[in-house]
Amino acid sequence: MEPQPAPFPTKTLSWKEARGRLSRSLEGYLETSVKKVHRSIACSQSDRTPLFVSVMLKWRDWDLDIIIGTFGVSLALLVIAILTYVNRNAEGKTTRFNTGSEFATSQLVGACVILFGCFFNMWLLFRYRYSTSQGTDNLKRRMISRFLRELEKQEGECVDDDSVDFLHQNNKIDLVGTSLTAIYPVYRLSLDSDGKIVGASWSRIPTLLLVEGDRIALQIGDVAPAICRIMKGDVSKTFEKGQKISLESCEKTMEGVVGNLPKGRTTLPPNSDELLDVCNNMQIFQLMETPLEGFLREPEHDAKPPQLFRQLDSIRGVLFFTGIASFVLTLVILLGRFHQLSQDLFHLLPVPFLAALGSFPLVSPSCLIFIEALGSARILTSYHPVASRVRKDSSMPQTAETNVDLLILRYFLAIFGNRLSLQNIGSLVDDFIRKSKRLDAGTTPLVRIPPASLNLLYKLGVATAFTLIDDELVCEPQSIPQQLLIPSAKGLKLLDLCPAYESDDEEDSESDSSVEMPRHRQKSFDPEQNDDSDSDSDDALKDHHHVPSKKKARRRLLRKSFNLSSRRSKEEAGETSNSDLSDYEVQFEDPSWWQHLPSLKCIGLACLLVEQKDELPRSKGSSHYVSVKDASFIEDHEFASCKKALVHLVCKERRSIQLRSLARCIGFSTKPGLSGPLGDLSPFTEKNRLHVISTAQMKERLQIDFHERGSEESRWWGLLRADSTSVIVQDSRSGAYQLFSVGDPRVVLRATHEAWQGENNTILPLSSFDRKTILETTDSWKLADLDVEAFSYAPIPHTFENRCLKTRESKFYLLDNVPRGEKQLLPVQKDKAASAEWTLLQNQIFLGVLGSLVTPRSETQGLLSSLQDAGVRFVYFSPRNMRRQKEIASQMGIDVAWNCAISLRPLDQGEEDPHRMVSNYADWDVNAKLPHGIESVKQHLKDVDNVPLLVSLFTDVTKETTKDMIEIFQEYNDTVVVVGLSHLPKNSTIFSAADLAIGVDVLSDCISWSEEDSLYYNALLPSEVNFASAISAHFCGFRLKGISSMEHMPTILAQGRASLSASTNAGIFLLSGYLAFSFFALLNVCSVSVALPYIPIVGAILYLLVILPLVGLPITMSDPDQLCMKQVPPKNDVTVDFGKREGKIFYVVSFLKAIPPAVFPQLLYLIAFGELMIEHEFELVQSRCSSNIEPGGWVSVIRCDALKGYSGTARDSAVALSIAELLLCVTVSSASFLYRTLPIWVEPPWRRNHIWVMGVVVAILVIITYLLVVLESGTSSVLSWYYYILAFCMPFLCLFWNEVLKRPEKNVLDRAEKLRRLQFETRLGMWSPK
């Protein structure tokens, strides 16, 4: 049931009231708990698994390996250490066969440290999980809190509005205000400092800044941003959020809308309400809710965990069971050697627990958190220059940008604080670093830290699909001339144009054509200086619209890229250029184009005159701002003044760069010169501008579906685009008046009966055949998404010149509402009912037709090639139909020769799509039609093949179907990266559904604020614009500043892969190190020596808590290898942890790598123990073992039964040496872990990771310090020479062993990568799983 409408007129909101309502909505959200805000979207599934099996499967969720394993072992070690300490105090005296006081104390201290490390590890893990469980809600709340603080601050800095140019301050956003851009025209009151009404204005405001009670303007075809009602007298109709505004929903008919307009050829009065009717029946609506409130309460999408998470769970399970097995085996072996255990209980009893502790997650969760923070810091560091508000071309110092290591450190600390939900501490630390380094706080602000729930590190590096969901990211903001059709002596002549370039071949840059072009372009248009000959080399027009071949299109794109790069280099060098035209400069492809200059000169002049919109004199009251001195005016004429201001807003003309570009190509210039300050336009003075609006064209616009809307039409949406514009100018040289018209060919041709043939300087009648050909060509061009404009000319008769002088208005809107067909249309001069302004448009001469095409952005070209090499599938979602997107898709590099585009608009049973791309290859378009609509795609994937997943172009999309298609990609195991405009609220649901989202902030490009600019209260504030873009993109991992930043995406993607690869290698090294320690403890109790080697807890701390993190964590900073961006990433199949044979070979290699570091120290222990016993305990050995001990006879000593339970200096030193060797072997062998499969001689680690080198050096210094502290003086002189050779060679033997083990693993990984590359490069229809 619809709510009852309130009586009209309703009160118009002021800027102050609107901001107050917005602030109260945000404060109410902050006071609402998370559970009350978000609805649950989790699906409940019945679990029929037996209880025992369920408990075994959920041990990870219950953290049994941490609670029972790590915490239990740490507690057991503490109990054993306490008993050792108590037993030492009870015995009192220290002997060779009991525990010393120093050992007992060190064991107790070490056990306490391990228990503290266990608690610290558990605290880090639980804080990290808490941060992850909150999703993006905490980030959203921090954004809101920050916005409210900035808004309050900026409101206090606002200046008084009394003396402000309101038109300037309320027009900050240059994007047209429609539902396409999610920026709506809003009518608000302006108040002075005393709170009195001083005026009202229409301002363009993003959707999320609208509030309940705002008045907005919507037209037929728009979508309601929230629940709203139409305002029209005493009648109102309510529209739901997302409902399309149509004639039917407004309870109107086409005949009724057109019937309300004046009949015949009339001139609409200034500020007439009919101008709103012809602008797609634009009406004023009032919002009945605040859009931001519903947006903030939208549920989050459950993200699909990356494959690496499943692999980590698998590794976690293997380590857990390895720890249990190590504990059990070690304990069983010790019990089997009961005599040694009973005589040396307190030395050997901790060994089984330490063996288990090596595999249990004592420090591994903390290390993984550090690794994730370091990897993410590397990614954000590469993203920092793109997102930072401080650009490299600014005059500010670039200290932070050049010091990459410092920037990584800052991001690491910020990310680590974010992962523990300690953002305030992270900010304080960052401020301290900036102050200590004397960095300006305003020059290098850190970008927003993505929450842990986004899994930035784990998803960016394995992205398999890269999608663009907004046309603005793909298309240039302006069209460029593509083809020009002009009359000639042999019929209609078609001239092709292309982006300007120096030469096809750099070696031919000095060729004749490249020199001849500028020479002819500099020719004067004075007819006395130019004598053009006729052209006799052109055939009749055969093809009305020429689609460039793939090779030619590629060449054009290269030219475009060259032009852009040249402009950027000029700007960096300090040269000035015309920013409006430098990106859109074109030239004729035909070298003999100058022969048609007589025909082209009129066209070029018409382009410049019609496009000179900014030079028009502004009539009184032609502003969308209403200034009043009495507040009663607003109250008494509120609705009328609102509509009047809206009329001026929609009548604003948009600049047509393609017209200026064509004029410059022909040879015209507006630079000051000898002709005057306006160049070639200096002799001409504009008198009148006549805009013609045809109701026939208006009916088409009202009936057309948004999928059929052209690119240029979308850019004009929300503005009144005249079907034809005529400019009357006076030539100061002759005093004559002339008229130039540019507009839709169907409208222009109605006023033309003759055509100008410049080749022979003749004017001939425009034949019906040529007229038909022009209209057919126009329709063909429009289907290919070209913007078509026709040109005509007419001299103004002397009898009409006084009429041009006497008119007060300089701008007229002429309405052509003749209900008769085109064949029965009366000429203007015979139409007695036509207005006086219509008579000025009679007897025009046809000049030509221009087709302009929107080209792809240069940033997209490099992105496509990089993605192709990296094995990432590019997908483009376009709201337009197939025919309109074919040309731009072809220029982007997307294959459109086959039927390789899918429309997501569903078709009814038996319905045909008239906009489907038809192939020229046999009957491919008949027999190989792809599915239509989401449900058809799902059925095709289920029953036929996977071809829809290989398509790069999806047309006729909406935001809802785009989200559904992305979910289909994910269902079939793709990791999808979505790139879209950050300020569009509807993109938020797509961002949430994607694996990783990237928002592009275009509002920052549209709005230019500087520190010198004043802030005005009755206008948008910078904090509001930034908040609207940021809050809508809170699901995004990145928010790029400007569309031009997309050219850095390959760099960010490469850094993501490098960071993930390096982080994975660091994790593999830690895994090997943990296994090596468990094996080392297990082999200790298997020693052939009677005096079994033990592991002091201090040594375990040194290994697990110091050396492994010190050497392993820097591996995360390894540079990428050469093949990083040449490999196809694996799919995210939830049923697979590892690829075929990958898991098996991974575990086998990991266990084999852990064996040598565990075995080699055992041999050194035997040598050291025997030789040290002979040196330090010679009498004991001689008396109890053998009286004939010779130098080097350590073999017989280690097997002496009398040494059971010995715990003197020799044993302690031998144990210390064996642990030091273990540390050294692991440290040196870490060099093979920097790159998983590449040999170290191909990628030398000391060249690619300097931080790791420093970590290794520090680790070696720590090992040496440990030996100096533990060993007795003179121990090094006792050991034999071969001991040192073995001790030196064993670490390198471990390194060599690891390099050998890379080969089988490399073979498996390379085979899997080749299969992925084969599947990725398979063309459509050649491979199918079904």
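For the single chain, residues carry numbers from 1 onward in sequence order. Only a predicted model underlies this, so the values are computations on that prediction, with no experimental measurement involved.
Between the CG atom in L1110 and the OG1 atom in T1227 there is a gap of 8.0 Å [rounded to 0.5 Å]. Taking CD1 of I379 as the start and OG of S1063 as the end, the distance is 7.5 Å to the nearest 0.5 Å. Atom NE2 in H1048 sits 13.5 Å away from atom CZ in F1038 (nearest 0.5 Å). Interatomic distance, N418 CG to L413 CG, rounded to the nearest 0.5 Å: 12.5 Å. Atom-to-atom distance recorded for L125:CG and I66:CD1 is 4.5 Å, nearest 0.5 angstrom. Distance OG1/T1237 to CZ/R1303: 13.0 Å, rounded to 0.5 Å.
Applying the side chain to side chain donor-acceptor pair (under 3.5 Å) test between N1132 and each of Q307, R310, K304, Q970 identifies R310 as the sole match.
One finds no salt bridge joining E1313 and R1316 here, because no Lys/Arg side-chain nitrogen approaches an Asp/Glu carboxylate oxygen to under 4.0 Å. R141 has a carboxylate O that lies under 4.0 Å from a charged side-chain N of D137, or vice versa, which qualifies the two as a salt bridge.
Listed for the K1302 side chain is no donor-acceptor partner under 3.5 Å among the backbone atoms of R1236. Under a 3.5 Å cut-off, the side chain of S131 and the backbone N or O of R127 do not form any donor-acceptor pair. For the pair Y458 (side chain) and P305 (backbone), a donor-acceptor distance under 3.5 Å is absent. Proximity of a side-chain donor or acceptor of T70 to a complementary backbone N or O of P361 within less than 3.5 Å is detected. S992 contributes no side-chain N or O that, together with a main-chain N or O of S988, makes up a donor-acceptor pair within less than 3.5 Å. In terms of modelled atom types and a separation under 3.5 Å, the side chain of T1064 and the main chain of L1060 share a donor-acceptor contact.
Counting heavy atoms from C-beta outward, L362 and N121 have side chains that stay 4.5 Å or more apart. When side chains are defined from C-beta on, S1061 counts as touching N1065, because their heavy atoms get closer than 4.5 Å. By the 4.5 Å heavy-atom criterion applied to side chains, F874 and Q868 are not counted as neighbours. Residues L867 and L1053 have side chains in contact (heavy-atom distance under 4.5 Å, counting atoms from C-beta outward). No side-chain heavy atom of M1125 sits less than 4.5 Å from a side-chain heavy atom of P1120. Proximity of K1041 to R1039: side-chain heavy atoms (C-beta onward) are separated by under 4.5 Å at one or more points. Within the 4.5 Å cutoff, the side chain of L1301 has heavy atoms near those of the W1297 side chain. Residues Y1235 and R1248 have side chains in contact (heavy-atom distance under 4.5 Å, counting atoms from C-beta outward).
Remark: aromatic rings of F1069 and F1233 are close, center separation under 6.0 Å. Taking the six-membered ring for Trp and the full ring otherwise, Y1074 and F360 have centroids separated by 6.0 Å or more.
The environment of R1311 atom CZ is sparse: at most 12 non-hydrogen atoms of other residues, nucleotides or ligands sit within 6.0 angstrom. Summarising the local packing, CZ of R142 is surrounded by more than 12 heavy atoms from other residues, nucleotides or ligands at distances under 6.0 Å. Atom CZ of F116 is surrounded by 12 or fewer heavy atoms from other residues, nucleotides or ligands within 6.0 Å.
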#### Entry: side chain to side chain contact (heavy atoms under 4.5 Å, CB included) between F1151 and V318, intermediate numbers included
CA-CA 11 Å; F1151 276 87; V318 170; 4.2 Å; yes

#### Entry: Test side chain to side chain contact (heavy atoms under 4.5 Å, CB included) applied to S1230 and V1256, step by step
CA-CA 9 Å; S1230 65; V1256 169; 4.3 Å; yes

### Full working for side chain to side chain contact (heavy atoms under 4.5 Å, CB included) between L863 and M1046
CA-CA 8 Å; L863 181 62; M1046 287 183 57; 4.0 Å; yes

### Task
Kindly indicate, with the supporting measurements, whether the criterion side-chain hydrogen bond (donor to acceptor under 3.5 Å, both in side chains) is fulfilled by T1051 and Q1055.
CA-CA 6 Å; T1051 302; Q1055 187 63 63; over 6 Å; no

### Query
Step by step, would you call D1137 with S314 a side-chain hydrogen bond (donor to acceptor under 3.5 Å, both in side chains)?
CA-CA 7 Å; D1137 294 340; S314 175; 4.6 Å; no

### Message
Could you go through R129 and S133, starting from their C-alpha distance and side-chain angles, then the distance that decides it, and tell me whether this counts as side chain to side chain contact (heavy atoms under 4.5 Å, CB included)?
### Response
CA-CA 6 Å; R129 288 181 176 175; S133 64; over 6 Å; no

### Task
In sequence, state the C-alpha distance, the side-chain angles, and the governing distance for S982 and S1029, and then conclude on side-chain hydrogen bond (donor to acceptor under 3.5 Å, both in side chains).
CA-CA 5 Å; S982 61; S1029 182; 2.5 Å; yes

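The minimum heavy-atom distance between I369 and F416, with the atom names listed, is CG2-CE1, 4.0 Å. The shortest heavy-atom contact between L460 and G1056 is CD2-CA, 3.7 Å. Heavy atoms only, all atoms of each residue included: V976 and F969 are closest at CG2-CB, 3.7 Å. The two residues S421 and Y130 have their closest heavy-atom pair at OG-CD2, 3.7 Å. Heavy atoms only, all atoms of each residue included: G1139 and V1136 are closest at N-CG1, 4.2 Å. Here the closest non-hydrogen pair linking A1030 and R448 is O-NH1, 4.5 Å.
The aromatic rings of Y1103 and F1077 lie parallel to each other, with less than 30° between the two planes, well short of the 60° mark.
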